[in-house]
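Report on one structure; see the data block that follows.
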Amino acid sequence: MSRIDLADRTAALETAVVAASGRLDRELLDDARAVVKRARERGGLSAEHTVVALAGATGSGKSSVLNAVAGAEIATVGVRRPTTSHPVAAVWGDGAGPLLDWLEVRRRQEMAAGDDGEDEAARPSRRGLARLRGRRAPAGISTGLVLLDLPDHDSVVVEHRVRAERLVERADLLVWVVDPQKYADAALHERYLRPLAGRSEVVVVVLNQTDRLSDAETDAMLADLRRLVAADGLDGARVLAVSAATGRGMDQLKGLLAEAAARREAATARLAADARAAAQRIADAAGSSPASRAGERAAGELVDALEAAAGVPTVADAVAATHRRDAHLATGWPVTRWVSRLRRDPLRRLGLRRGADGSATGGAGAGGSVAGGGPDRPDLVRSSLPTTRPAVRAAAASAVRRYVDEVTEGAPDPWVLVARARAQDAIDRMPGDLDQAVVGTRLEAARRPRWWAAVGALQWVFLAAAVVGLLWLAAAAVVEYFRLPSLVLPVLTVDLTGSGGGVLEMPWPTLLAIGGLLAGLLLALVARVVAGWGARRRRARVRRRLRESVSGVADRLVRVPVGDELAALARCRAAAAIAAG
């Protein structure tokens with residue numbers, strides 16, 4: 001398996017932070033951002049130098065260890081505490097100035113080989129860098145090492161502790177100097193060593209002042225110290241016993257530092273370890289991803305509930321009723337069509353009937369169409385649908401919450417809470433958006449069925465025939481009443497003798513009157529049946545369109561926002577896994 005380089009690891013960590021922003025704990029994300037920032041800042045500085053920080057408590061002997069490693073009195077050793085108020089750097093090699101500026105270390109000593117001139121040892125240059133001439137680097141230490149003596153991490157001066165903690169974060173290799181009295185101090189382990197868990201390759205623990213102990217006591221104390229360090233999550237960290245006063249164990253420490261400076265890998269190792277630790281904390285906080293197919297059933301239930309809340313059944317029934325009404329006005333018996341006109345158009349009553357220009361015509365009461373609304377500004381148009389019953393609204397809200405709960409099952413609480421908050425926003429916006437979805441759905445046919453016009457024309461023909469017949473019969477009756485010369489009434493003769501009957505004779509006026517009336521009524525009845533079948537088909541088509549519109553609202557207000565949260569969770573977990581790998 002290939003190793004991920006620091007740049008890719010840092011980029012993955014940044015991706016995880018962006019995906020988790022607003023969801024996970026701010027302090028956790030701020031720590032991760034600080035790691036990313038440090039990695040990029042340190043990457044732009046000297047890669048030829050390894051920064052080693054000597055950290056420890058008051059009286060642990062950090063300054064003595066620095067002097068013993070450097071072979072010179074660089075740090076002041078005294079009995080007054082705290083002795084070290086500002087960090088001191090011993091630098092082997094040139095070019096570390098920008099790096100020390102970034103570390104905010106002003107007191108610097110350049111460890112360089114020279115010929116003579118003991119007097120210049122303490123002469124500071126204008127850059128604040130003193131050169132120790134006449135002193136060669138101690139055996140095994142080559143160029144590229146920056147050794148820092150930090151202020152005491154338990155100093156009573158807060159400013160000193162802040163400086164120490166800042167440099168602990170920025171150092172490439174950490175050497176914790178402890179003494180026999182305070183090596184088990186809870187503050188050291190809980191506040192400083194335990195947060196470094198998983199970074200044992202960049203941590204060294206040095207037990208100093210062993211000249212005060214017997215060999216048996218030193219061995220026992222080293223064993224106990226290794227146990228404590230392992231309990232801090234630093235199993236594998238190097239633990240050494242030294243005495244800055246007698247030089248015991250100093251060669252081993254110098255060799256370790258020389259190896260770190262020569263390999264020039266400590267900076268990358270420290271930053272990679274920090275990135276891994278930060279990414280692992282984010283991965284732990286991000287938990288596991290929900291099942292990919294979770295919530296499919298809830299999605300259907302969500303759309304069903306929103307359909308009810310939007311009044312889709314009411315609208316679909318109104319479409320069918322309007323279709324039947326329009327069909328009767330076009331194909332019904334002309335004598336009784338006016339009765340249908342007395343019944344109000346169901347779609348117009350709901351404010352969903354389009355006018356001649358395509359704009360919605362408003363219904364009675366509040367919520368009717370707004371003046372100026374039309375096809376170009378559907379957002380200015382509202383329907384006159386009756387207010388949804390509280391029980392239906394509550395069912396829709398419950399469906400939204402149930403959907404969120406099902407699709408986020410197994411997700412970490414921060415993501416669930418954000419998803420629920422977005423769902424609540426959706427519930428608040430739902431009534432207006434559902435109304436607009438209904439208003440924006442095409443409910444009427446693009447054109448009337450052609451058979452309506454044909455049947456309507458035929459109805460007028462039948463009515464005309466009936467009227468002609470009736471007028472003819474009326475005229476004949478008037479002539480007969482006034483005993484005027486009789487009108488000639490043509491007779492239709494039908495010979496039924498072939499079928500066992502006689503001869504059927506019917507005057508044409510009577511045939512026209514009765515036939516026209518019966519044919520018109522029969523045609524109206526047939527047209528009503530056909531229109532009813534068409535209304536059912538129309539209702540089904542409109543119901544599908546309205547469901548699609550409502551589903552669009554569910555997607556826009558609920559499913560997409562919640563899906564975005566789950567996608568952010570997946571991105572966060574994937575990126576954190578890469579960065580922590």
Side-chain angles (χ1 to χ4, degrees), residues 1-21 28-55 87 89-106 108 110 127 129 142-148 150 163-175 195-204 257-283 571-572 574-581:
M1 183 176 178
S2 61
R3 293 174 62 88
I4 180 174
D5 62 27
L6 180 60
D8 290 342
R9 190 184 302 278
T10 304
L13 177 59
E14 186 174 34
T15 299
V17 170
V18 171
S21 295
L28 171 63
L29 299 182
D30 287 344
D31 289 344
R33 290 188 187 98
V35 171
V36 173
K37 182 180 179 182
R38 282 200 305 273
R40 290 177 176 164
E41 290 177 348
R42 181 65 178 91
L45 298 170
S46 175
E48 302 299 318
H49 290 83
T50 299
V51 178
V52 179
L54 296 174
V91 184
W92 282 265
D94 298 325
L99 178 59
L100 290 169
D101 291 340
W102 177 66
L103 294 171
E104 299 181 17
V105 176
R106 301 290 178 261
R108 313 167 185 180
E110 182 178 348
R127 296 173 55 201
L129 187 66
S142 61
T143 60
L145 177 65
V146 177
L147 189 59
L148 303 178
L150 306 188
R163 290 175 188 147
E165 290 171 358
R166 185 184 67 249
L167 289 171
V168 164
E169 289 182 345
R170 297 188 177 191
D172 302 331
L173 182 65
L174 292 170
V175 178
L196 294 171
R199 282 161 275 192
S200 57
E201 68 271 24
V202 295
V203 175
V204 179
L257 300 181
E259 180 185 4
R263 294 180 64 182
R264 297 187 176 94
E265 293 179 354
T268 300
R270 171 66 194 276
L271 294 171
D274 287 349
R276 282 198 307 271
Q280 188 59 55
R281 290 197 300 271
I282 291 176
R571 287 196 305 273
C572 177
I578 293 173

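Starting from 1, each residue takes its place in the sequence as its number.
From Arg199, atom CZ reaches atom CG of Leu173 across 13.5 Å, with rounding to the nearest 0.5 Å. A distance of 5.0 Å separates CD of Glu41 from NZ of Lys37, quoted to the nearest 0.5 Å. Distance check: Thr15 OG1 to Arg571 CZ gives 9.0 Å after rounding to the nearest 0.5 Å.
Residues Ala579 and Ala279 share a closest heavy-atom pair of CB-CB, 3.4 Å. Nearest heavy atom pair, residue Ala20 against residue Cys572, reads CB-SG, 3.8 Å. Across every non-hydrogen atom of Gln280 and Ala580, the tightest pair is OE1-CB, 3.7 Å. Contact record, Arg163 with Pro87: CD-CD, 4.4 Å, taken as the closest heavy-atom pair. Closest approach of Ala269 to Glu201, counting heavy atoms only: O-OE2, 4.1 Å. Residue Leu29 comes nearest to Ser21 through the heavy atom pair CD1-CA, 3.7 Å, listed as atom of the first residue, atom of the second, then distance.
Every residue was checked against the side chain to side chain donor-acceptor pair (under 3.5 Å) condition with Glu169, not counting sequence neighbours, and none meets it. Scored by the side-chain contact (heavy atoms from CB on, under 4.5 Å) test, Ala55 finds Leu150, Val168, Trp176 as partners (sequence neighbours excluded). For the side chain to side chain donor-acceptor pair (under 3.5 Å) test, no residue two or more places apart in sequence or in another chain qualifies with Asp8.
Residues Leu148 and Leu54 form no side-chain contact, since every pair of their non-hydrogen atoms from C-beta on lies 4.5 Å or further apart. Contact check for Val91 versus Leu145: no side-chain heavy atoms found under the 4.5 Å cut-off.
Arg42 contributes no side-chain N or O that, together with a main-chain N or O of Asp172, makes up a donor-acceptor pair within less than 3.5 Å. Side-chain N or O atoms of His49 include one that pairs as donor or acceptor with a backbone N or O of Asp94 at under 3.5 Å. Of the possible polar contacts, one joining the Arg270 side chain to the Ala171 backbone as a donor-acceptor pair under 3.5 Å is found.
Checked options Asp30, Val35, Ile282, Asp31; the residue passing with Val17 is Ile282 (criterion: side-chain contact (heavy atoms from CB on, under 4.5 Å)).
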_Arg264 and Ser46: CA distance, side-chain angles, deciding distance, side-chain contact (heavy atoms from CB on, under 4.5 Å) verdict_ = CA-CA 10 Å; Arg264 297 187 176 94; Ser46 175; over 6 Å; no

*Would Leu147 and Trp92 satisfy side-chain contact (heavy atoms from CB on, under 4.5 Å), going step by step from the backbone distance to the final call?*
CA-CA 9 Å; Leu147 189 59; Trp92 282 265; 3.9 Å; yes

_If you apply the rule side-chain contact (heavy atoms from CB on, under 4.5 Å), what do you find for Thr50 with Leu257, and how did you get there?_
CA-CA 9 Å; Thr50 299; Leu257 300 181; over 6 Å; no

_Under the criterion side-chain contact (heavy atoms from CB on, under 4.5 Å), I'd like the reasoning laid out for Val51 against Arg170: C-alpha separation, chi angles, the key distance, then a yes or no._
CA-CA 8 Å; Val51 178; Arg170 297 188 177 191; over 6 Å; no

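Within 6.0 Å of atom CZ in Arg263, 12 or fewer heavy atoms from other residues, nucleotides or ligands are found, so the atom counts as exposed in its surroundings.
Of the N and O atoms on the side chains of Thr268 and Arg9, not one donor lies less than 3.5 Å from an acceptor on the other residue.
Salt bridge present: Asp101 and Arg108 bring a charged side-chain N and a carboxylate O closer than 4.0 Å.
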